[in-house]
Amino acid sequence: MKPKVFITRQIPEAAIRKLEETCEVAVWKYEDIPVPRDVLEKEITEAHGLFCMLTDSIDAALIQKANKLKVISNLAVGYNNIDIEAASEKGIKVTNTPGVLTETTADLTFALLMATARRITEASDFLRAGDWKTWSPMLLTGQDIYNRTLGIIGLGRIGEAIARRAIGFNMNVVYHNRSRKPEAEESIGLTYVSMDELLQTSDYVCIMTPYTNETKNLIHAEHFKMMKENAILINTARGGIVNEKDLYDALINGEIWAAGLDVFEEEPVPLDHPLLTLPNVVTLPHIGSASISTRSIMAEVAASDLLKAVNGETPVHLVNP
Ligand code: DGY
C-alpha cells in the first residue's frame with residue numbers, strides 16, 4: 001500500500017507529481033482558503049506525510065491525532081507554526097526549506113526598504129488619484145539610502161544576504177546577533193554592535209530573527225524611543241517579533257519616520273488594523289520568498305525531504321534531529 005500524503009494548499013505541480021510517483025496524494029484544492037481545522041484533523045489521522053504551510057497551525061492537539069504520521073514538511077524556513085516538542089515526542093520528523101529562499105527574501109527585504117525610504121507606494125497612489133498638479137521641490141521627498149547606516153537584528157543567512165546588498169549601495173552595515181560572526185564581519189564588512197547602539201545609530205533597522213519565545217515582542221516602546229527620528233523599521237521576519245501597538249504609537253508620535261512590513265501578528269492583517277491607516281507604513285502580504293522560481297524550488301525541497309522521511313531515511317533539512 002502506498003503511503004498517504006496530505007498537502008494543505010495548491011503547490012507547484014512538479015512537486016505534486018514527484019510525490020504521486022510513490023505516494024497516494026490528497027491536496028486541499030483552494031488556493032486562497034486555508035485548510036479548515038476539521039479537514040486537517042481528519043486528514044492527519046490517516047496521513048504518513050503532511051506537507052504544510054506557515055499559515056497552518058500544527059499544534060499539540062492536532063499532532064496527538066496523527067497516529068501514522070512520520071513527517072511534517074513545512075514550506076517555509078520558519079517553523080513557528082509547528083509544535084516541535086509535540087512532534088518530537090511522537091517521533092515525527094519536522095522539515096523546513098532553508099537556504100533556497102535566502103536571496104529571494106533578501107531581494108524583497110531590500111525592495112521594501114527602498115520603497116519605504118522613497119515613499120514608492122504613496123507616490124504611485126498620489127499620481128493615480130490625480131493629485132499630481134505640478135512638479136515641486138519638496139513633493140514626496142524621502143530618505144537617502146546610500147551612505148546611511150543599516151542595522152540588522154539577527155544575522156542568519158538572509159541577514160547576511162541583505163548586508164551584501166546594502167554594502168553594494170554604499171551603506172554602513174552594523175548587526176546584533178546572539179553570537180558574533182567574525183567571518184561575515186570580515187568577508188562582507190560588517191560591524192558588531194550592542195542592541196542599544198544599533199537602535200541609536202541606525203537609519204534603517206531590519207528585523208531578521210526567527211520567531212521564538214525569546215524573540216516574541218522583542219522590539220517594543222522602549223526601543224522605538226532609542227531610535228533616530230528619521231529611522232525606518234523593516235520587518236520581513238515574523239509579525240509577533242515587533243509590538244504593533246507600540247510601533248503605531250512610535251509612528252504617530254514621530255519617534256521614527258516610517259515602517260515597511262511584510263509580516264503581521266495576525267495574517268491576513270485585518271483591514272481595520274491601525275497600521276494600515278498610516279501613509280508612512282508600506283505593507284505587503286507576506287511575500288518574502290514569493291518568486292516563481294523560488295517557490296518551485298521550495299516545494300521540490302519540501303517534497304524530497306518528505307519522501308526521505310516517509311521511506312525511513314533522514315531528511316536533509318531536519319529541524320528536530
Ligand atoms: C519563510 O519561509 O519562513 C518565509 O516567511 C516565507 O516567505
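This chain uses plain numbering: 1 for the first residue, then up along the sequence. These numbers come from the heavy atoms of this one structure, side chains and all, not from hydrogens, waters or symmetry mates.
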If we only count heavy atoms from C-beta on, is the Leu62 to Glu41 side-chain gap below 4.5 Å?
yes
Are the side chain of Asn320 and the backbone of Ile92 linked by a donor-acceptor contact shorter than 3.5 Å?
yes
State, without any angle test, whether Thr104 and Ser289 hold a side-chain donor-acceptor pair at a distance under 3.5 Å.
no
Any side-chain heavy-atom pair from Ile120 and Val282 closer than 4.5 angstrom?
no
Electrostatic pair Glu265-Lys245, nearest N-O below 4.0 angstrom:
no
Reported OG1-to-CZ distance for the pair Thr102 and Arg157, which is rounded to 0.5 angstrom:
5.5 Å
Minimum heavy-atom separation for Pro210 to Ile241, with atom names?
O-CD1, 3.9 Å
Around atom CD1 of Ile292, are there more than 12 heavy atoms from other residues, nucleotides or ligands closer than 6.0 Å?
no
Do the side-chain N and O atoms of His273 and Glu244 include a donor-acceptor pair separated by under 3.5 angstrom?
yes
Main-chain N/O of Gly240 paired with Lys216 side-chain donor or acceptor, under 3.5 Å:
no
Kindly compute the distance separating NE2 (His317) from OH (Tyr79), expressed to the nearest 0.5 Å.
13.0 Å
Verify whether one side chain among Asn230 and Asp203 offers a donor that lies under 3.5 Å from an acceptor in the other.
yes
Counting only heavy atoms not in Phe6, do more than 12 fall under 6.0 Å of its CZ?
yes
I'd like to know if the side chain of His48 and the backbone of Lys68 have a donor-acceptor N/O pair within less than 3.5 Å.
no
For the hydrophobic clusters of this structure (ILVMFWY residues joined by side-chain heavy atoms under 4.5 Å, transitively), does one cluster hold both Leu278 and Leu261?
yes
Is the shortest distance from a Lys or Arg side-chain nitrogen in Glu20 or Arg17 to a carboxylate oxygen in the other one below 4.0 Å?
yes
Donor-acceptor contact below 3.5 Å, side chain Asn235 vs main chain Arg238:
yes
The reported gap from CG in Leu140 to CZ in Arg119 (rounded to nearest 0.5 angstrom) is 5.0 Å
Minimum side-chain heavy-atom gap Cys206-Ile162 below 4.5 Å:
yes
Ignoring hydrogens and geometry, is there a side-chain-to-backbone donor-acceptor pair from Lys308 to Glu313 under 3.5 Å?
no
Close side-chain approach of Glu160 to Lys181, heavy-atom, < 4.5 Å
yes
Would a distance-only check, ignoring hydrogens and angles, find a side-chain to backbone donor-acceptor pair under 3.5 Å from Glu197 to Ser194?
no
With clusters defined by side-chain heavy atoms of hydrophobic residues (ILVMFWY) lying less than 4.5 Å apart, directly or transitively, does Ile219 cluster with Leu155?
no
Here the gap from Ile44 atom CD1 to Cys52 atom SG, rounded to the nearest 0.5 Å, amounts to 8.0 Å
Check step by step if side-chain contact (heavy atoms from CB on, under 4.5 Å) holds for Asp56 and Met53.
CA-CA 6 Å; Asp56 303 317; Met53 313 295 133; 3.6 Å; yes
Less than 4.5 Å apart, any side-chain heavy atom of Ser304 and any of Glu300?
no
So, does Lys90 use its side chain to make a donor-acceptor pair with the main chain of Ala66 at under 3.5 Å?
yes
Check whether more than 12 heavy atoms from other residues, nucleotides or ligands sit under 6.0 Å from atom NZ of Lys65, and answer yes or no.
no
Interatomic distance, Cys23 atom SG to Ile16 atom CD1 [nearest 0.5 angstrom]:
12.5 Å
Transitively linked via ILVMFWY side-chain contacts under 4.5 Å: Ile152 with Ile145?
yes
Pair Thr277, Tyr248 - check side-chain contact (heavy atoms from CB on, under 4.5 Å), show working.
CA-CA 10 Å; Thr277 63; Tyr248 176 80; 4.1 Å; yes
With a 4.5 Å heavy-atom cut-off, do Glu43 and Trp28 have their side chains touching?
no
How far apart are the closest heavy atoms of Ala184 and Leu190, and which atoms are they?
O-CG, 3.8 Å
Closest heavy-atom pair, Ala61 versus Arg37, reported as atoms and distance to 0.1 Å, is CB-NH2, 3.9 Å
Calculate, to the nearest 0.5 Å, the distance between atoms CE and CD1 belonging to Met114 and Ile234 respectively.
11.5 Å
Non-hydrogen side-chain atoms of Val205 and Ile207 separated by less than 4.5 Å
yes
A quick test of your reading: do over 12 heavy atoms of other residues, nucleotides or ligands sit less than 6.0 Å from CD of Glu186?
no
Before you tell me yes or no, could you show the steps for Phe224 and Leu251 under side-chain contact (heavy atoms from CB on, under 4.5 Å), namely the whole-Å CA-CA distance, both residues' side-chain angles and the distance that decides it to 0.1 Å?
CA-CA 9 Å; Phe224 294 122; Leu251 287 161; over 6 Å; no
side-chain contact (heavy atoms from CB on, under 4.5 Å) between Leu233 and Val242, intermediate numbers included:
CA-CA 10 Å; Leu233 179 94; Val242 175; 4.1 Å; yes
Could you pull out the closest heavy-atom pair between Pro98 and Asn96, with the gap in Å?
CD-OD1, 3.2 Å
Would you call Leu101 and Met298 a side-chain contact if the rule is heavy atoms closer than 4.5 Å?
yes
What is the ring orientation for Tyr192 with Tyr175, classed by angle as parallel under 30°, tilted 30 to 60°, or perpendicular over 60°?
perpendicular
Between Val263 and Ala237 the two heavy atoms that sit nearest each other are CG1-O, 3.5 Å
Is there a donor in the side chain of Thr236 and an acceptor in the side chain of Thr109, or the other way round, less than 3.5 Å apart?
yes
Should Arg180 and Glu185 count as an ion pair when the cut-off is N to O under 4.0 Å?
yes
Single-linkage hydrophobic cluster Leu75~Ile158, side-chain heavy atoms < 4.5 angstrom
yes
Give a yes or no on whether the backbone of Met195 and the side-chain of His223 come within a donor-acceptor separation of less than 3.5 Å.
no
Between Asn243 (side chain) and Asn217 (backbone), is there a donor-acceptor pair under 3.5 Å?
no
Would you say Arg165's side chain and Glu103's backbone share a donor-acceptor pair under 3.5 angstrom?
yes
Where Ala87 and Val94 come nearest, the two heavy atoms and their spacing:
CB-CG2, 3.7 Å
If hydrophobic clusters are built by linking Ile, Leu, Val, Met, Phe, Trp and Tyr wherever their side-chain heavy atoms come under 4.5 Å apart, do Val5 and Met1 end up in the same one?
no
